[in-house]
Amino acid sequence: MLWSCFLSIGIYNTFFEIEFLNMVLYAAMCREKIGAVLFPTSWIISVLLIAGAYVIAIKYALSDNPFDDVNRALRPLWFMPLLFFIPIGVHSTYLFVMICGLVLFRYLLLFHSGTILHEHKNSSTWKTILPVLLMSVLFITYGYYLQKKAFDTAYLCWADWGYFYESLHNTLKGKWFWLNKMHINFLGSRFCLGLAILLPYMKLFGSPYAFFLMSSVVLGSGGIMIYTLCRILKFSTRESMFFGIIYFLIPGFFNMNLCLVYGFHEIYFAIPTVLAAFCFYEKKNYTAAIIFFLFSMTFQETIPVLWLSFGLIALAQRRLRLAATLIIISLCCYFLINSVAIPYLRGHEHYTSMFRYEHLGSSIGQVALSPLTRPGAFWGSLLRPGTFYFLIVLLLPVFILTLSSPLGLGAAAIIFVFLCIEMTDQTQNIMRHYQTMILIVILINTIYAYRRIKEGWISPWLKWLAPKENKGVFRDWTGAVLFSSMFTALLCFLLYANTHLSKNPVPDFGSFTDFRPESEIIAGMIPAEAKITATSRMAAVFCGRNDVYQDFDPSTGYPLQEYILLDLLDPMNDGVQKLFELLRTSGEYGLIHSYSDETRFIVLFKKGAKTNTAGFISHIPPEQWKQIGIPVPSPNKDLSVRVVWQPPKTIKVMSRYENKTSHDVIMRIVIEGNNGEVIRKSELWGKGIVPATNAQPGDTCMTEIQLPGEMVPKTVAVKFEPYP
């Protein structure tokens, strides 16, 4: 009963009390209301688990005294009450996963659990590869769905996927890797020449949806590659199957399908190419291994650093020929790409990402020496709390296996350090693409650590974690380490993966209306050959159709295009307000279309067009205003509101200025129907074209809303917020 109480504390704190985990800021949101039944529920679950552990041990354990053995295996649960005394947060979930993983590892040592992993006479490769293929299909399908949904709702911003999609799209049009946003050859910013392999695919299937499918397939290929590498290393088909499944449970890989709002990144290609190089090397097909080794370095200028690190590990292992090959070729490729190719393509400017390290120096050499020359800035950046949170969550899914042979983790050390000393603390997380190469190292290290265990070498660390061995009890380490690692990976997936199943759910796309009907209307107003200046999310929608630019400040020297499409609520663009003010006051551009809902306020300008405000702006005298529609309470003393319903489909919300104002305002309109249906609409007063600051007393803005189906308005509420 004592063990059940301890375990119930962890289950309650982790799964019931925490509602949401922010894995970018490493913050936890607790539930405001917790049902009284939840703690008894967690205790009942714990009782069943602990009782089941005793029953199974009594029936199948190898010892003559299984009751005492189970008690020794459960001793890490003594640490679970710490969750009562430390603040609830991401760190408390880390402790819960570690304790549960250790308990299962120690418990499985009581059995011949590894017999499940052995080959049998009638075993079939297809029976074990099919689950991995099924996981891959599910992974790809769900990843594609996330990206498509984000794109259809205009949630997905242009970067990062737009960099690669647009440069490939322009290459097919004769502009070799040209990027409209930067007005340069993209290879001078990100050396991703290997993406040219996608050009035939882009030629045949040029839509963004095909691009999203491709990126999910690249990520999903990792599980098959892991299975293949395990089979080459002489693992049984079942062992290979479990390693393939673990790949899909590691949250860092799963999160990259959507990658917050950024989508695809070229570093994903490092997963299949690096793993392919390892596969061919283990098969002693050195020609193919070298081809994939070299090919992998064409996807990002930092991948040579990964291979250099593998070379240093090989040197530490006294594999001198392999070490010399990796180190020499990696260094040559690194300096060729970063000192010759990129500067030439950029007009001899410095490395494009140096701005991330400007607190440490203005060159790679200065950054490398910064631990000595700028120790405060270097160590202050490296030793931030986020660094340790990041390190733990990277290792946590397979921590029992990977730390049993920690030397191999050194291959990720250089990349990890450079990631953690960046000026921002927003990149040390598993929600984006930055951890890709680190996860590759962790996986490869895990596989080779398991091979050493199969060969009979057990690290002192594993022996220290195991319960004290009774005389005559044989320990089956393979089953214990593999199944406990799969279990911790599953817990990490449930807690940290960007999925609706977890504490870290995907964005609520339900709050974003489908933007496709509106995008078709806008597309009908813009010729396919026209050039557009657009904000990030609008650029994502139109970059496959038009040449899209994202220049918001004409003083930079880049001219504004004929059409300008802005989402004034797009959080990814800082300069949009300045441009918007210029457009609506210059007289050079005219508004030809506007659209708004709860999450967007979109305006389309065309050069030389004239703005017509007759449909939504008028001046109404006080006597006439009192005779219009039905009054609605207004929280703003400067504005009064009246509503006119024109059955059966139209409702007009009219807002009239009673006094002058010193700022623009956003109107938030909420209409509730008699059937419980709710419509929400947000827009700038005067649709943003007639600034509220220019409005005179009596000036009135009319917003027309179409009601769906048989909806009859029951209540209308309007509030006003300052903008911006």
Q.
Can you tell me which residue among V393, V398, L391 is in a side chain to side chain contact (heavy atoms under 4.5 Å, CB included) with L395?
A.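 So the option named by the test is L391.
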
Q | Test applied, side chain to side chain contact (heavy atoms under 4.5 Å, CB included); reference residue, Y247; option that passes from I224, L439, I226 | A |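 For Y247, the side chain to side chain contact (heavy atoms under 4.5 Å, CB included) check succeeds only for I226.
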
Can the ring centroids of [X] and [Y] be said to lie less than 6.0 angstrom from one another?
{"X": "F186", "Y": "W178", "result": "no"}
{"X": "F164", "Y": "F211", "result": "no"}
{"X": "Y496", "Y": "F254", "result": "no"}

Do the side chain of [X] and the main chain of [Y] share a donor and acceptor less than 3.5 angstrom apart?
{"X": "T141", "Y": "L138", "result": "no"}
{"X": "N546", "Y": "K531", "result": "no"}
{"X": "S216", "Y": "Y144", "result": "yes"}
{"X": "N445", "Y": "S405", "result": "yes"}
{"X": "Q561", "Y": "Y549", "result": "no"}
{"X": "T387", "Y": "L382", "result": "yes"}
{"X": "R537", "Y": "Y155", "result": "yes"}
{"X": "S136", "Y": "V132", "result": "no"}
{"X": "Y201", "Y": "A210", "result": "yes"}
{"X": "N255", "Y": "I430", "result": "yes"}

Can [X] and [Y] be counted as having a side-chain donor-acceptor contact under 3.5 angstrom?
{"X": "Q550", "Y": "T535", "answer": "no"}
{"X": "S536", "Y": "D570", "answer": "no"}
{"X": "T128", "Y": "Y227", "answer": "yes"}
{"X": "R545", "Y": "H169", "answer": "no"}
{"X": "E422", "Y": "T424", "answer": "no"}

So that I can tick it off, tell me whether [Y] and [X] are bridged by a salt bridge, with the cut-off set at under 4.0 angstrom between side-chain N and carboxylate O.
{"X": "E518", "Y": "R600", "value": "no"}
{"X": "D551", "Y": "K181", "value": "no"}
{"X": "D514", "Y": "K149", "value": "no"}

Just say parallel, tilted or perpendicular for the rings of [X] and [Y], cut-offs at 30° and 60°.
{"X": "H265", "Y": "Y268", "answer": "tilted"}
{"X": "W161", "Y": "Y165", "answer": "tilted"}
{"X": "F310", "Y": "W307", "answer": "tilted"}

Q) What is the distance from atom CG of L294 to atom OG of S330, rounded to the nearest 0.5 Å? A)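 Separation between the atoms: 9.0 Å.
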
Q) Atom CG of L133 and atom CD1 of I140: how far apart are they, to the nearest 0.5 Å? A)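 So the gap between those two atoms works out to 9.5 Å.
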
Specify the closest pair of heavy atoms between [X] and [Y], including all atoms of both residues, with the distance to one decimal.
{"X": "C259", "Y": "G263", "answer": "CB-O, 3.4 Å"}
{"X": "E301", "Y": "F191", "answer": "OE1-N, 3.0 Å"}
{"X": "F292", "Y": "T273", "answer": "CB-O, 3.7 Å"}
{"X": "C420", "Y": "F390", "answer": "SG-CD2, 4.1 Å"}
{"X": "F493", "Y": "L249", "answer": "CB-O, 3.3 Å"}
{"X": "L156", "Y": "Q147", "answer": "CD2-O, 4.4 Å"}

(Q) Filter on salt bridge (charged side-chain N to carboxylate O under 4.0 Å, His left out), then keep only pairs touching residues 217-233, sequence neighbours left out; what's left? (A)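 Every salt bridge (charged side-chain N to carboxylate O under 4.0 Å, His left out) pair that includes a residue of residues 217-233, provided the two are not neighbours, is E119-R231.
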
Q: Not counting sequence neighbours, which residues clear side chain to side chain contact (heavy atoms under 4.5 Å, CB included) with P272? List them please.
A: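 Side chain to side chain contact (heavy atoms under 4.5 Å, CB included) check on P272 returns V218, S221.
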
Q.
Please evaluate residues Y209 and D152 with respect to the criterion side chain to side chain donor-acceptor pair (under 3.5 Å), reporting the C-alpha separation (whole Å), side-chain torsions for both, the decisive distance (0.1 Å), and the verdict.
A. CA-CA 10 Å; Y209 297 117; D152 289 343; 2.4 Å; yes

Q) After noting the C-alpha distance and the side-chain angles of L306 and I415, does the key distance pass the side-chain contact (heavy atoms from CB on, under 4.5 Å) rule? A) CA-CA 7 Å; L306 174 65; I415 297 168; 3.9 Å; yes

In terms of heavy-atom contacts, does [atom1] of [X] have more than 12 from other residues, nucleotides or ligands at under 6.0 Å?
{"X": "K173", "atom1": "NZ", "value": "yes"}
{"X": "F335", "atom1": "CZ", "value": "no"}
{"X": "I197", "atom1": "CD1", "value": "no"}

Q: Report the residue from F248, Y448, Y450 that forms a ring-ring contact (aromatic ring centres under 6.0 Å, His included) with F243.
A: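 In the set F248, Y448, Y450, the residue that makes a ring-ring contact (aromatic ring centres under 6.0 Å, His included) with F243 is Y450.
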
Q: Kindly indicate whether a cation-pi arrangement holds for R432 with Y262, taking the cut-offs as under 6.0 Å to the six-membered ring centre and within 45° of the axis.
A: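 No, a cation-pi geometry is absent between R432 and Y262.
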
